[in-house]
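Bear in mind the structure is a predicted one, so any value in this text is a computation, not a measurement.
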Amino acid sequence: MHARFPRCLGQTRSACCRWRRRRPRRAGDLQEDGPMNQGSGWKSTRRAALTGAAAVGAMPLLGGAASAASAARPNIVWIVSEDNNPFIGAYGDKLARTPNIDRLARGGILYRNAYSNAPVCAPSRFGILTGVLPESCSPAQHMRANAKAAGLLPTYPELLRKAGYYVTNNAKTDYNCDIDPAAIWNDSSAKAHWKNRPAGQPFMAVFNLMSTHESQNFKPTTGSVKPQQVRVPAYMPDTPGVRQDISSYYNRMEIMDGQVGILLAELDAAGLSEDTIVFYYSDNGGVLIRSKRFCFDEGLRCALIARVPQKWAHLAPLGVGSGVTAPASFIDLAPTVLSLAGVPIPPTMQGKALMGRDAAKPGRFAFGMRNRMDERYDFVRTVTDGRFRYIRNYLPHIPAGQNVSFAWLARGYQDLDRLRLDGKLNAEQSRFFEERAYEELYDLKNDPDELENLAESPGHRTRLNAMRRALDAHMLRINDNGFIPEGSVHEGYVASRAKGAYPLRRIMVLAQAAARRDPRKLGLLAKALGNSNEVVRYWGATGLAILGAGAQSAQPRLRAALADPSPQVRVAAAEALWRSGATAEGLTALTALLDSAFPDPVRLQSLNVLTRMGMAAAPALPVLKPLTSLRGEYIPRAALYLVQVIEGTYDPYKPIFDLEAFFKRGGPTNPNNPNNQQP
C-alpha cells in the first residue's frame, strides 16, 4: 500500500552548485552565509512570472482552425475524486470494490507513487491550477485563503483555451486565490461538459466527483465492506465509530467508482475513447484520523492513473497496463497536460511533465506541506523518497491533534477525543495530542503506520542528512513563504521576492534554532526581536515561545515586543511571555488582540494561543463569548470551542460545526458558494 515517491521539482545545475557551496558545516543544520537577499534569484523569478504572464497573452487563438488542428492533438479528460488515498483494487487493496478504476489502470499507466503537494483541497488545487506550489505564493498555503495570482501566474486552462482547446470544469474550483474561473474556462459549472463544444474542437474537460468528500463520511454508508472487515491502524483506537468510518470510506469509494464508469461510458458512446487521454486522480489524501490535513502518507498519498489510447501512445512513457514506480507529484499535472497538448510550459510552473513532448526525467523526492488548516495554525514540511518519509515540525510545541470543528464531525475523531479526555488512549494513540519532535523519520516499508521515529537512530544518520539537505534546498529554491505570518505585508508571490523583504536563508536558520529548542540559542532569538525585518522578529518571538520556561531571562525584551508595529509579532511575544511564566501579561496582550480593530488572521492567531493556554485563559471569557456569534467560519468556531473548554461543557459528540446549516447552503457541491469553497 505504501510505495515510492518523487521529487516534484527540478533544479538547474547552477542552482545545485550554489546549494553545494552553501551546504551546512554540520550535517543537517542550515547555516547562514551572511546577509541574505533575493538578489538575482528575485530578478529571475520575477522575470519568469512576467514572461509567463506575457506568454498567456501572446498565445495564438486558433478559433476556426480548431477543427483542422484537432486531428493533431488529443482530447484530455481529468476525473478528480475528493479526499481519498488509493483504497483501490489496482493499488493492491483487497477490500476495495473499484472495478472501473481497476479497468482504467489495466488499459493505462498506473503511477504507484503519486502525491498531492498539500494534504487538503484548496492549497492542493492552487498548485494543480497554476503549476506553482502554494507555499511559493502566500497565503495560498493556508486552507481557505485568497492569494494574488490573477494576471501573474498563468493557468493550464487559459493556456489550453488560447491554444484552441474547449476547456470545461464540472464544477468545483476552490483555487485559494483571486483567479476568476469564468475568465479561464469556457464553462465552469454543474452543466460543463465536453459535449457542449463546437463540432470538431479538441477539448480538455475536468469532472470533480464529490461522492468521497469528507462530508460524505459523517454518516454511515453501508455497502460491500463491513466494519468488522477493516484494519484499524495502530494510531487509531479500535472503536465502533472508527471502524464505521473506515468501512464507510470504502463504500463511498465504490460509489465514486461507479461514477467513473459512467464518465468513461460517455466517451465510448460518443466514439471518442480512442481520441482521448483520460486521467484519474484524487485532489489530496483521505479523510480518516491523521489523514486529510496532515503530512503523513495518509494525508498526501493519492492515486494517479492515465489511460493513453494507441493513437497517442507515442506521448506516453510506457505502454498499456504499465506501472510506474518513479515519483509523480501533482505539481506535475499542469506541465503534463500542456506537454500533451503541445503547448509551451510557462517558466513560472515548478513541476515537470510526466509525458508528452516535454516529458522530463523523474526526480528523486516528493515534497509536501502543512500550514493553517481551517481554524488551527501549524507549520510542517516533509519530503519522501518513497521508502522513507522525513517530517520537519517548525512549531513542535503545538500538537498535531488540534480540534478542527469540521473534521470533528467524523465519529472516529469524536471517539478518539472522548478517549483522550477519559485518559484511555495508549501511548501510540496519545502521540497525536502531544508536543512533537522537530524532526521525524519513518521507514514506510517496515512501519507503514509511521509510529517509530528514526530521526535519532545512528543507523539512519546518512539518510536523514540527505533528506534534510534536500528539503532545505527545495524550500530555498521555491522561496517558501511559510515563515511569513498570515496577514503580513510581506505575503505574496511578488512581495515575498522583493529585495530584502524576506531574507529566507537567514529566517530558516533562525526558525531551525527555534524549533530545535536549543537553550544555547536564547541570545540569538532574543536579539532577533530588535531586527528591522518583521518576519525575523516574529521568529525570534516564536522561538522564545518554544523555549518556554527557558526564555524567562528574555522577558524584558518580550514586554517591549508587545508594542511591536506588527500585531503578529505581538501575538508571538505574548505567547512567549505566558510560556516563560508571565501568564497575566501574556493573557492581557492576547485578549487585547481579539479586538475587531485587528485583521482576522491576527485575531485567529490570538485565539489559537489562548486555546493552548486552556483554563489559564478563563479571565478572557467576557471577550471570548461575543466572538462565538460573529459571522464567518473560523473565529466563531475557535472561540466556541475555547469557551466550552473553559466552562467545562465541551463534548466531542456535540459538534461545534453546524452541519445542518452547511448542507442547507448546498454542502460541498453548492455552485453558488463563492469559488466553491468547502470546509
Side-chain angles (χ1 to χ4, degrees), residues 1-3 79-106 110-112 114-116 119-121 208-264 280-294 296-305 406-416 444 448-450 667-669:
M1 293 291 292
H2 296 262
I79 303 174
V80 187
S81 61
E82 286 276 319
D83 300 344
N84 52 266
N85 303 118
F87 282 35
I88 294 169
Y91 280 85
D93 194 314
K94 298 186 183 304
L95 280 182
R97 304 291 188 271
T98 52
N100 293 295
I101 297 175
D102 296 346
R103 185 163 53 251
L104 189 71
R106 289 193 299 271
L110 184 146
Y111 290 85
R112 298 190 177 278
Y115 286 83
S116 62
V120 73
C121 55
N208 296 272
L209 305 180
M210 308 302 295
S211 50
T212 54
H213 185 266
E214 182 178 20
S215 61
Q216 304 301 315
N217 218 45
F218 294 155
K219 293 182 179 180
T221 299
T222 58
S224 302
V225 177
K226 312 302 180 186
Q228 63 269 23
Q229 295 177 274
V230 305
R231 183 186 84 89
V232 178
Y235 54 83
M236 298 184 193
D238 192 345
T239 68
V242 168
R243 285 186 171 272
Q244 171 188 293
D245 281 359
I246 299 173
S247 62
S248 292
Y249 187 57
Y250 274 106
N251 294 328
R252 299 304 308 179
M253 290 288 291
E254 184 174 2
I255 292 170
M256 180 272 292
D257 180 80
Q259 296 171 331
V260 172
I262 291 172
L263 291 171
L264 295 176
Y280 162 74
Y281 64 92
S282 59
D283 60 348
N284 51 259
V287 303
L288 303 174
I289 293 172
R290 216 188 70 172
S291 297
K292 185 176 178 178
R293 302 179 181 87
F294 297 98
F296 297 99
D297 263 25
E298 299 81 21
L300 294 167
R301 185 166 187 247
C302 300
L304 175 62
I305 297 169
F406 191 74
W408 255 243
L409 290 168
R411 184 59 182 267
Y413 272 117
Q414 294 171 359
D415 285 359
L416 178 73
L444 301 172
D449 289 346
E450 294 164 280
T669 59

message = Between Asp449 and Arg231 (salt bridge meaning N to carboxylate O under 4.0 Å), is one present in this structure?
response = yes
Has [X] got a side-chain atom pairing as donor or acceptor with [Y]'s backbone, closer than 3.5 angstrom?
| X | Y | result |
| --- | --- | --- |
| Asn85 | Phe87 | no |
| Gln216 | His213 | no |
| Asp102 | Ala90 | yes |
| Asp83 | Glu214 | yes |
| Asp415 | Thr239 | no |
| Lys292 | Ile289 | no |
| Thr221 | Ser248 | no |

Minimum heavy-atom separation for [X] to [Y], with atom names?
| X | Y | result |
| --- | --- | --- |
| Met236 | Ile246 | SD-CD1, 4.1 Å |
| Pro86 | Ala303 | CB-CB, 4.1 Å |
| Thr212 | Ser81 | OG1-CB, 4.0 Å |
| Gly89 | Ala96 | N-CB, 3.5 Å |
| Gly286 | Tyr249 | CA-OH, 3.2 Å |
| Ser211 | Ile255 | CB-CG2, 4.1 Å |

Point-to-point distance, once rounded to the nearest 0.5 Å, from [atom1] of [X] to [atom2] of [Y]:
| X | Y | atom1 | atom2 | value |
| --- | --- | --- | --- | --- |
| Glu450 | Phe294 | CD | CZ | 12.5 Å |
| Met210 | Gln259 | CE | CD | 10.5 Å |
| Tyr235 | Leu288 | OH | CG | 7.5 Å |
| Met253 | Asn84 | CE | CG | 4.0 Å |
| Leu209 | Ser282 | CG | OG | 11.0 Å |
| Tyr280 | Thr98 | OH | OG1 | 8.5 Å |

task = Walk me through it: do Arg103 and Val260 pass the test side-chain contact (heavy atoms from CB on, under 4.5 Å)?
result = CA-CA 11 Å; Arg103 185 163 53 251; Val260 172; over 6 Å; no
key: Test log, rule side-chain contact (heavy atoms from CB on, under 4.5 Å), inputs Val80 and Asn208   = CA-CA 5 Å; Val80 187; Asn208 296 272; 3.8 Å; yes
request  = May I ask you to decide if the ring planes of Trp408 and Tyr413 are parallel, tilted or perpendicular, using 30° and 60° as cut-offs?
outcome  = parallel
inquiry  = Less than 4.5 Å apart, side chain to side chain, heavy atoms only: is that true for Asp297 and Pro448?
reply    = no
query = Any side-chain heavy atom of Pro119 within less than 4.5 Å of one from Asn284?
reply = no
message = For residues 243-261, which residue pairs pass the salt bridge (Lys or Arg N to Asp or Glu O under 4.0 Å) check, not counting sequence neighbours?
response = Asp238-Arg243
Chi angles and distances behind the side-chain contact (heavy atoms from CB on, under 4.5 Å) call for Glu82, Asp283 = CA-CA 6 Å; Glu82 286 276 319; Asp283 60 348; 3.4 Å; yes
ask   = Just checking, is any N or O donor in the side chain of Tyr250 or Ser224 under 3.5 Å from an acceptor N or O on the other one?
value = no
